[in-house]
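Lettering follows sequence order; numbering is per chain, from 1. Please read all numbers here as calculations on a predicted model, not as lab measurements. No hydrogens, no waters, no symmetry mates; every other heavy atom, side chains included, goes into these values.
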Amino acid sequence: MNIEITLPDGSKRSFPKGSSAMDVAMDISEGLARNVLAAKVNGEVRDANRPIEKDADLSLLTWNDDEGKSTMWHSSAHLMAEALQEFYPHVKFGIGPSIETGFYYDVDLGEDVLTDKDFQKIENRMLELAREKNEYIRKEVSKDEAIAHFKEKGDEYKLELLDELKDGNITFYTQGNFTDLCRGPHIPDTGKIKALKLMSLAGAYWRGDENNKQLTRIYGVSFPKAKDLKEYLHLLEEAQKRDHRKLGKEMGLFTFSPSVGMGLPMWLPKGAMLRERLENFLKEAQKEAGYLSVITPHIGAKQLYVTSGHYAKYGKDSFQPIHTPHEDEEYLLKPMNCPHHCEIFKSEPRSYKDLPIRYAEFGTVYRYEQSGELHGLTRVRGFTQDDAHIFCQPDQVKEEFKKVINLVLYIFQTLSFDDFVTQVSLRDPNNNEKYIGSEENWEKAEKAIMESVEEAGLDYVVEEGEAAFYGPKLDFMVRDAIGRKWQLGTIQVDYSLPERFELEYTGADNAKHRPVMIHRAPFGSMERFVAVLIEHCAGKFPLWLNPEQVKILPVSERYNNYAKEVSKKLKIYDIRALVDERNEKVGRKIRDAEVEKMPYMLIVGEEEEKNNTVSARKQGEGDQGSMTIEAFAELIKNEINSELKRN
RNA sequence: GCCGAUGUAGCUCAGGGGUAGAGCGCAUCCUUGGUAAGGAUGAGGUCACGGGUUCAAUUCCCGUCAUUGGCUCCA
């Protein structure tokens, strides 16, 4: 009996019943068959050598498909497990999935400690095993059989996993001398793995719960060609060059000091210049959008946060309260600006005619993040939010929300941030006690966000369980140089705080009504935003943002005075210029300016001094010819205007 | 907080039980130059900090602090 296989291009072929995807591949070409890692049968990813029993849509998956890659990586995890079991016969296995790049396996090594010095021998053994071209053999087993297997092996983690599986649905995979509980699928044989590298070690709690035992997680990555590994490692190296911690230090933007305290960044003059410009840019946009600036203190009475609910939720994990000398008073470093802004709202009676009221503040907040979580400028203990709170009537929520979306998009566009993900963060449906506020309000808030996002035409993903404890939110996520995801902009709808603070306004009906709050921060925090910005542009900021715009390079010391004159003139045009007065050749001065990514260089010598001109050079592009100072200033202005999309 | 790694000159890093090394940067001098590295000389270090082993520790061991890759958490 034959079955009909439909390939992705729509073509149909007939095969004997029970043929595998591999047979189909062989039929098409041997070369293709060699590259097949797995198959998608009617949308389900399966082993390429598993028989197909009825008519099906089939795609053959290779290294060029994401599912092909992840299958290979998952199989590589099994291969690593096999090697580990040889070196550490008593090892117990947790889980070993593929991840975005590569794979890991969580293992319990008992008394043994693995260090990265052990990587080489494990890698070598894995490659040996790979060369044996051992097939990954799938076997359906009964639950009893499976339990017996792991009882004998003494692997309590697999037993725990088995506990949750239904009988009749359990499969083992075996390659070489290693058998694992696994749903699959796997690549046909270990020979497809030609290159691999173990990347790092980490402690990982069993099932991600810090009350459980910590296992050793070994990360690795594998490839079908040695060249691919080389390319990947090169890419990693390149990414590390963009790391904001490295560039921030080189460019003199910020610093940390153990004497000040971990996670407490200090902005150096150049970093402060950059940040100020970003702040002013946003302030201007906000002024136009009807925001009002407010300023609030860095500390607040403990009761303020008891009222807001932050204390109950985070009090014990925060910087502890400050005690005053005489009275029994307690103050907290502010972890949030919203309670202060609520009090400003309450400072006088409000009418519906006043709404929406939009209070904006670059508010510095302090949060006691866990020491192991601190990371450059992206995760710190003191940072400044570009915060604002919009108090509006319930029927204004959607419109206000959409306005904020537009503001965020405007800012991202201006800075050419185009590779972000918009994420709608909702409640965890199984964990209601994590949140405050009524069911009804949560539903209203979630509905408002979903509708705004739909109407704004945003491409978005929904993440359950990622909401703030007082409300759902829309987050703008970006990746840093090493691929980690960070939240930048955030917009949150909140019905709870207005209730807790008993905020109200008088409506047209002369009755008291409760406003709705929208929390929002387009950058998120200045620290994190600048970090991501540095990595995004590899330290080559747009001209309007760069701390220095022009360096004037006298051809010899004789022209230092003319250079200073030029610098003075440029300052009149509000252009930030420096003079390189060093006793160096002009070639050297150019090289140094290029390396430090100075956007423009002006070379001045006899010719320029005589004609009252400058010879301009653009970073990364080279000589732009000579021109008058006025013409150069015009050039700079035009470039800045086009960056900021204004005329 | 937990698991692993790291900490040597301003920066990047080598070294190793017995006077501490390189490149870059910095300073001084020579050179006065035309679009990506001119030359000479010199200054810089309690080898993160605290204990221990040793005749002797920067090196080996333990602890602390900081940094770092993850895990957990994230208003």
Nearest-Å distance once atom P is located in both A57(B) and C65(B): 25 Å
Has the side chain of Tyr205(A) got a donor or acceptor atom sitting under 3.5 Å from an opposite partner on the base of G1(B)? yes
For Tyr157(A), which of Trp206(A), Phe93(A), Tyr105(A) qualifies under ring pair (Phe, Tyr, Trp, His ring centres under 6.0 Å)? Trp206(A)
Worked verdict on Phe632(A) versus Tyr600(A) for ring-ring contact (aromatic ring centres under 6.0 Å, His included): CA-CA 10 Å; Phe632(A) 177 72; Tyr600(A) 280 95; 5.5 Å; yes
For Glu584(A), answer base if it contacts any base atom (sugar-phosphate contacts may also be present), sugar-phosphate if it contacts only those atoms, and nothing otherwise; contact means non-hydrogen atoms under 4.0 Å. base
Looking only at side-chain atoms of Lys117(A), point me to the closest of A5(B), U32(B), A66(B). A5(B)
Of the nucleotides G33(B), U12(B), C74(B), which has the atom closest to the Ser556(A) side chain? G33(B)
Out of A5(B), G34(B), U31(B), minimum distance to the side chain of Glu557(A) belongs to U31(B)
Write down the distance separating the P atoms in G69(B) and U12(B), rounded off to the nearest Å. 15 Å
Checking all strands, does Gln487(A) fall into the base, sugar-phosphate, or nothing category for heavy-atom contacts under 4.0 angstrom? nothing
Of the listed C71(B), U35(B), C74(B), the closest approach to the Tyr314(A) side chain comes from C74(B)
If you check the Glu594(A) side chain, which of A36(B), A5(B), C30(B) turns out closest? A36(B)
Donor-acceptor side-chain pairing of His389(A) and Asp494(A) below 3.5 angstrom: no
What nucleotide among A36(B), C73(B), G34(B) has an atom nearest to a side-chain atom of Arg591(A)? A36(B)
Among C11(B), C73(B), C26(B), the one nearest any side-chain atom of Lys249(A) is C11(B)
Closest approach to the side chain of Arg588(A), judged atom by atom: which nucleotide of G69(B), A37(B), G4(B) is it? A37(B)
Establish, with yes or no, whether the OP1 or OP2 oxygen of G1(B) is under 4.0 angstrom from a side-chain nitrogen or oxygen of Ser371(A). yes
Applying a 4.0 Å non-hydrogen cut-off, can you work out what Ala204(A) is touching in the nucleic acid: base, sugar-phosphate, or nothing? sugar-phosphate
I'd like to know if Lys92(A) pairs up with Asp155(A) as an ion pair, taking the criterion as any Lys NZ or Arg NE/NH1/NH2 lying under 4.0 Å from an Asp or Glu carboxylate oxygen. no
Quantified in whole Å, what is the P atom distance between nucleotide G21(B) and nucleotide U46(B)? 16 Å
Using the P atom on both, measure C11(B) against G52(B) and round to a whole Å. 31 Å
Ignoring hydrogens and geometry beyond distance, is the side chain of Arg558(A) in donor-acceptor contact with the base of U32(B) at under 3.5 Å? no
For G4(B), does either OP1 or OP2 sit under 4.0 Å from a side-chain N or O belonging to Arg217(A)? no
Can you check whether Tyr219(A) has a side-chain N or O nearer than 4.0 Å to OP1 or OP2 of C71(B)? yes
Polar side-chain atom of Tyr435(A) near backbone of Asp428(A) as donor-acceptor pair, under 3.5 Å: yes
Taking atom P in both C55(B) and A43(B), what distance in whole Å separates the two? 37 Å
Please report the distance separating the C1' of G25(B) from the corresponding atom of C61(B), rounded so that it comes out in whole Å. 37 Å
Using the C1' atom as the point on both nucleotides, what is the distance between C47(B) and A22(B), in whole Å? 15 Å
In this structure, which one of Lys564(A), Glu565(A), Lys551(A) forms a side-chain contact (heavy atoms from CB on, under 4.5 Å) with Val579(A)? Lys564(A)
Rounded to whole angstrom, note down the P distance from U41(B) over to C24(B). 13 Å
Look at all strands and tell whether Ser318(A) reaches a base, only sugar-phosphate, or nothing, counting heavy atoms closer than 4.0 Å. base
Does Phe383(A) have Arg528(A) sitting over its ring (NZ/CZ under 6.0 Å from centre, angle to axis within 45°)? no
Among the nucleotides G1(B), C71(B), A5(B), which one has an atom lying closest to any side-chain atom of Gln370(A)? G1(B)
How close or far is atom P of C26(B) from atom CD of Glu581(A), stated in whole angstroms? 14 Å
Select base, sugar-phosphate, or nothing to describe what Arg379(A) touches, counting heavy atoms under 4.0 Å on all strands. base
ring-ring contact (aromatic ring centres under 6.0 Å, His included) between Tyr314(A) and Phe469(A), intermediate numbers included: CA-CA 11 Å; Tyr314(A) 297 105; Phe469(A) 76 97; 5.7 Å; yes
Answer with base, sugar-phosphate or nothing: what part of the nucleic acid does Gly587(A) contact at a heavy-atom distance below 4.0 Å? sugar-phosphate
Both Ala467(A) and Leu374(A) contact RNA chain B. Which one's nearest nucleotide lies toward the 5' end? Leu374(A)
Taking for each residue the nucleotide of RNA chain B with the nearest heavy atom, is it Glu210(A) or Gly620(A) whose nucleotide lies nearer the 5' end? Gly620(A)
Can you tell me whether the side chain of Glu608(A) and the base of G34(B) have a donor-acceptor pair closer than 3.5 Å? yes
Which label fits G15(B), syn or anti, where anti is any glycosidic angle not within 90° of 0? anti
Under 4.0 Å between a side-chain N or O of Arg484(A) and OP1 or OP2 of G69(B)? yes
Ignoring backbone atoms, establish whether His375(A) has a side-chain N or O less than 4.0 Å from OP1 or OP2 of U67(B). no
Assign Gly208(A) to base, sugar-phosphate, or nothing according to its heavy-atom contacts below 4.0 angstrom with the strands shown. sugar-phosphate
